[in-house]
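Everything numeric in this text was worked out from a predicted model, so none of it was measured. Lettering follows sequence order; numbering is per chain, from 1.
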Amino acid sequence: MRFRAKIVDLACLNHFSRVVNTIAKLAKACTLRLTAGKLYFILSDKVANGGVGMWCELCQGNFFDEFQMEGVAPEHNEIYLEVVPENLSRALKTAQSAKAVKIKLTNKHCPCLRVAVELPSLSSSSRIVTHDIPVGVIPRRLWNDFREPNVPDFDVSIYLPVLKTMKTVVERMKNLSNSVVIEANLSGEMNLKIETDLVSVTTHFKDLGNPPWASVDECQDSAQDRDLESMAEARIDIRKLQQLLAGQQVNPTKALCNIVSKRIVHFILLHEDVSLQYFIPALA
Amino acid sequence: MKSFLGIFRSLPLLEKTVEKCLILLRPRASRLVVQLHCKYGVTKTHNLAFQECERLQAVFDTQRCASQLCAPARVLAEAVVHFPPTLAEVTLGAGPGGKLSLRNYVEDETELKKTMVTELWLAEDEFQTVAVVPGSHITFCLKEFRGLLTFAEASNLPLTIHYDVPGRPVVFTLDDAVLEVHLVLATLSDTESNLQPPPTNGVSHPPAPSDDFADDLESYMIAMETSAYEEGSGAPPSPTFPLRTPHPAESDPEEEEEEEEEGAVPGTPPHKKFCSLFFGSVLMPRGPSLAPTQEVLAEDSDNEY
Amino acid sequence: MPFSAQPPASGEPYVLTASLDNARHLSSLLRAVHFRDHATCFATANGLRVTVEDAKCIQANAFIQAEIFQEFAVQEEAVTFRINLSVLLDCLTIFGTSSLPGTSTALRMCYRGYGSPLMLFLEEGGVVTVCKINTEEPAELLDFDFCSTNVVNKIILQSEGLREAFSELDMTSEVLQITTSPDKPYFRLSTFGNAGSAHLDYPRDSDLMEAFHCSQTQTNRYKISLLKPSTKALALSCKVSIRTDAQGFLSLQYMIRNEDGQICFVEYYCCPDEDITEAKLHRRDS
């Protein structure tokens with residue numbers, strides 16, 4: 001098992017840092033899956049996490065100048081690691097003006113991801129900072145726990161409004177209530193609703209547009225014959241939604257959500273070379 | 001001390017509004033009076049209570065430290081930013097090829113498996129002088145060091161670090177025409193070499209001037225001496241500013257040495273005379289950052305006069 | 001963008017309707033009196049007064065004149081209700097508090113009368129938020145009976161001069177002592193904290209002084225914890241009028257200019273601290 005990668009380009013480094021910061025905001029610990037072409041940050045759907053799931057996918061070619069990996073076996077050319085993304089985020093924070101960053105899987109006292117940062121200095125030689133991040137190697141028999149989640153058989157899929165506006169609204173609502181009802185229809189309308197003993201608040205977004213999923217596969221049929229005006233709704237934990245909106249630093253070019261009535265809300269944030277999926281289960 | 005600092009809390013604001021600052025000591029009323037004359041004719045008068053106290057003075061001799069290095073404060077400040085703000089201690093080590101390293105101190109093996117270890121290497125040529133014992137290393141409190149660096153960086157002074165073996169105090173010094181700063185910190189002794197007795201024989205209580213400012217237990221955690229050079233600087237510092245009262249015992253290493261010689265137990269190996277202000281080897285993380293702020297204060301009064 | 005969400009038609013007419021181009025004009029003033037959760041709103045044809053009280057010792061009033069609103073209609077002589085101010089503020093700032101140029105939240109506020117909720121319709125950038133805030137039985141308010149004929153001393157200061165003083169108040173002191181006098185020290189703020197005492201003196205000829213009318217020397221103490229909330233109003237204001245009456249009651253009037261240059265007022269009344277006996281006052285160190 002080997003892994004070694006290098007980033008030289010500063011823009012790529014900053015982009016990668018932003019992705020890692022986002023992950024760090026969303027998950028205390030997660031799985032890092034490495035394949036020849038891609039990196040994945042995965043939080044699997046466990047009750048311990050409040051049922052939240054995350055799947056973030058990056059094309060290594062768009063970030064790394066060098067990327068070599070050798071999995072456990074030729075026929076299973078993958079590596080699964082348990083990491084604390086906050087550590088990775090902190091390590092990359094010190095690399096903001098770096099000349100180069102190397103990431104390597106090592107095994108000194110314990111399995112570590114070594115992030116070696118080469119910094120400019122006043123003298124002829126560079127300053128080198130290394131961060132040894134302890135990781136857990138996940139054995140192959142457990143890999144099945146980290147399969148890519150299917151896009152759920154949603155009732156309504158809709159593009160999200162400007163995330164900044166949505167974030168402010170959700171933050172205010174969070175002061176007033178623990179849960180929020182998110183509802184949307186196939187006419188590009190979405191509402192966020194809270195209701196408590198003291199107050200009820202509804203924010204109406206419109207003209208959002210509904211993404212064309214029709215051609216994807218046959219499982220999306222429940223959205224086919226839907227009344228365009230009728231709302232699909234789910235009540236979710238408002239902190240989880242707020243965490244996603246406040247934590248995301250990927251500045252997606254497209255952001256959408258799929259609502260399965262009373263079951264789950266599936267958020268997808270898309271950037272050229274990053275995709276982040278986030279699943280928030282509905283409350284009873 | 002805190003109340004004194006409170007007055008000078010916001011430096012930018014002070015620079016904008018204060019025209020004149022008057023500091024008076026009224027021993028009979030047990031009050032230190034700080035009067036700030038601000039713009040628009042506004043006067044602020046602070047009557048601060050103080051307590052006289054015995055001064056705890058560290059006896060140390062930087063000349064006898066086996067290792068010494070000096071670097072612009074900026075280089076060291078840029079080095080410590082790579083460590084998390086909550087980190088308690090760092091280990092400074094002399095590595096191969098004249099390189100110096102800083103790494104976060106991790107207490108034990110089990111912690112090591114969970115904690116991210118950060119290590120930074122600085123080349124010899126980033127320093128002004130390097131005279132260190134190869135392979136030597138010490139572990140000390142990062143918080144106080146950071147505080148001193150903030151001050152040193154602001155005043156653009158090089159910082160000299162004198163250290164010996166683990167367990168012996170490390171001395172950080174700053175020097176310029178009007179100011180001499182010594183910060184003495186304890187270092188962790190090597191867990192393997194616990195044979196050494198705790199360094200207790202060096203703490204002395206000289207009959208110090210009673211106007212010293214250390215006023216509570218916490219200040220005993222750090223011995224910070226600021227003393228003004230009598231010669232040199234044309235602008236004498238305020239004679240009423242107790243922090244700057246000259247302490248001849250410190251500015252004259254020879255004299256200090258003599259004193260020590262008298263007090264030393266015969267047969268004690270000479271290096272035992274170096275002392276640590278921390279009894280035992282476990283550093284208390286609760287020591288507040290008195291050192292840095294105290295320093296900034298002294299600096300500010302320079303500008304005032 | 002035109003206002004798209006009109007209040008639903010209903011049998012009962014509104015007793016209060018008000019609309020405002022920029023909800024921040026209202027929210028920033030309300031924040032200046034937001035030191036307790038609950039507030040009493042009192043609307044007349046002249047405008048809206050929002051009152052917050054604490055410990056039967058302090059009362060803050062925010063006055064928003066009818067002219068500040070684009071529309072302000074009251075169907076009865078006076079409309080009074082009690083409301084959760086924290087909730088109201090969260091609703092008013094649902095689209096944020098920042099003042100980016102070109103973005104402002106339009107507001108329409110309606111109330112049907114006793115027992116009905118306060119309805120807010122907010123709109124920004126085509127997004128509409130509808131809020132229904134339950135109202136409560138209005139509570140009896142303190143009457144400070146602070147009338148200008150009883151005023152002994154009055155000082156008008158530029159707020160700038162007090163802002164720093166209030167931000168640096170020694171919070172270990174239980175009281176703030178205010179001395180106003182026709183002679184030295186003219187106007188003095190004193191604290192008596194753990195570390196010692198501090199005095200702040202303003203000469204009467206200071207450029208900060210807009211007006212100085214002191215007929216006799218007065219020294220009164222006020223609980224610092226009660227006065228601290230007034231810092232919020234001080235921060236927004238350009239001038240402050242400090243008045244005391246014969247009983248030592250304190251009135252702080254803050255003149256606040258909003259982004260459009262309109263002027264509003266926030267007023268704080270505070271009782272003197274009765275625990276301090278005359279004897280103690282005379283023993284104070286100077």
Side-chain angles (χ1 to χ4, degrees), chain B residues 1-53 211 213-219 240 242-243 288 290 293-294 297 300, chain C residues 155-181 183-212 219 224 231 234-235 238-240 242 283-286:
Chain B
M1 176 54 65
K2 238 191 209 140
S3 57
F4 194 64
L5 287 177
I7 302 172
F8 299 100
R9 195 162 31 196
S10 161
L11 276 184
L13 205 63
L14 282 177
E15 277 167 18
K16 236 175 39 205
T17 58
V18 178
E19 282 155 8
K20 200 165 76 173
C21 169
L22 194 68
I23 302 176
L24 302 163
L25 187 66
R26 289 164 54 190
R28 236 171 301 157
S30 270
R31 287 287 182 274
L32 179 78
V33 181
V34 181
Q35 209 165 60
L36 301 172
H37 295 266
C38 310
K39 65 177 179 185
Y40 304 122
V42 176
T43 316
K44 287 186 208 174
T45 312
H46 298 266
N47 300 301
L48 303 177
F50 67 86
Q51 292 161 357
E52 293 187 7
C53 61
D211 59 354
F213 236 61
D215 60 355
D216 58 13
L217 247 183
E218 286 177 324
S219 358
T240 55
L243 273 179
L290 276 172
T293 27
Q294 184 172 332
L297 199 88
D300 184 60
Chain C
I155 289 170
I156 299 179
L157 269 179
Q158 286 181 20
S159 300
E160 184 197 338
L162 271 192
R163 268 197 280 272
E164 192 194 333
F166 268 75
S167 69
E168 289 181 358
L169 279 185
D170 179 359
M171 292 306 287
T172 64
S173 171
E174 211 182 307
V175 294
L176 174 69
Q177 177 176 294
I178 300 180
T179 307
T180 47
S181 165
D183 310 301
K184 249 187 147 179
Y186 306 112
F187 176 50
R188 163 175 277 197
L189 301 176
S190 311
T191 52
F192 309 91
N194 296 342
S197 63
H199 306 288
L200 194 56
D201 296 343
Y202 295 78
R204 65 177 299 173
D205 57 358
S206 166
D207 290 344
L208 294 168
M209 233 18 120
E210 295 259 324
F212 187 89
T219 300
I224 219 163
T231 317
L234 181 65
C238 48
K239 286 178 194 175
V240 54
I242 302 157
R283 264 195 294 125
R284 77 197 153 84
D285 57 351
S286 46

**Message:** How long is the straight-line distance from CZ of C:Arg188 back to OG1 of B:Thr43, given to the nearest 0.5 Å?
**Reply:** 9.0 Å
**Request:** Quick one: pull up CG in B:Leu48 and CG in C:Asn194 and give me the separation to the nearest 0.5 Å.
**Result:** 12.0 Å
**Request:** Test B:Tyr40 against C:Met209 for side chain to side chain contact (heavy atoms under 4.5 Å, CB included), laying out the working first.
**Result:** CA-CA 9 Å; B:Tyr40 304 122; C:Met209 233 18 120; over 6 Å; no
**Request:** Measure the spacing between SG of B:Cys38 and CG of C:Asp201 and express it to the nearest 0.5 Å.
**Result:** 10.5 Å
**Item:** Heavy-atom closest contact (B:Gly41 atom, C:Pro203 atom, distance)
**Value:** O-CD, 3.0 Å
**Asked** Roughly how far apart are B:His46 NE2 and C:His199 NE2, rounded to 0.5 Å?
**Response** 10.0 Å
**Asked** Hey, does the side chain of B:Thr45 reach the backbone of C:Ala198 with a donor-acceptor pair shorter than 3.5 angstrom?
**Response** no
**Asked** Is it the backbone or the side chain of C:Gln158 that comes under 4.5 Å from a heavy atom of chain B, or both, or neither?
**Response** neither
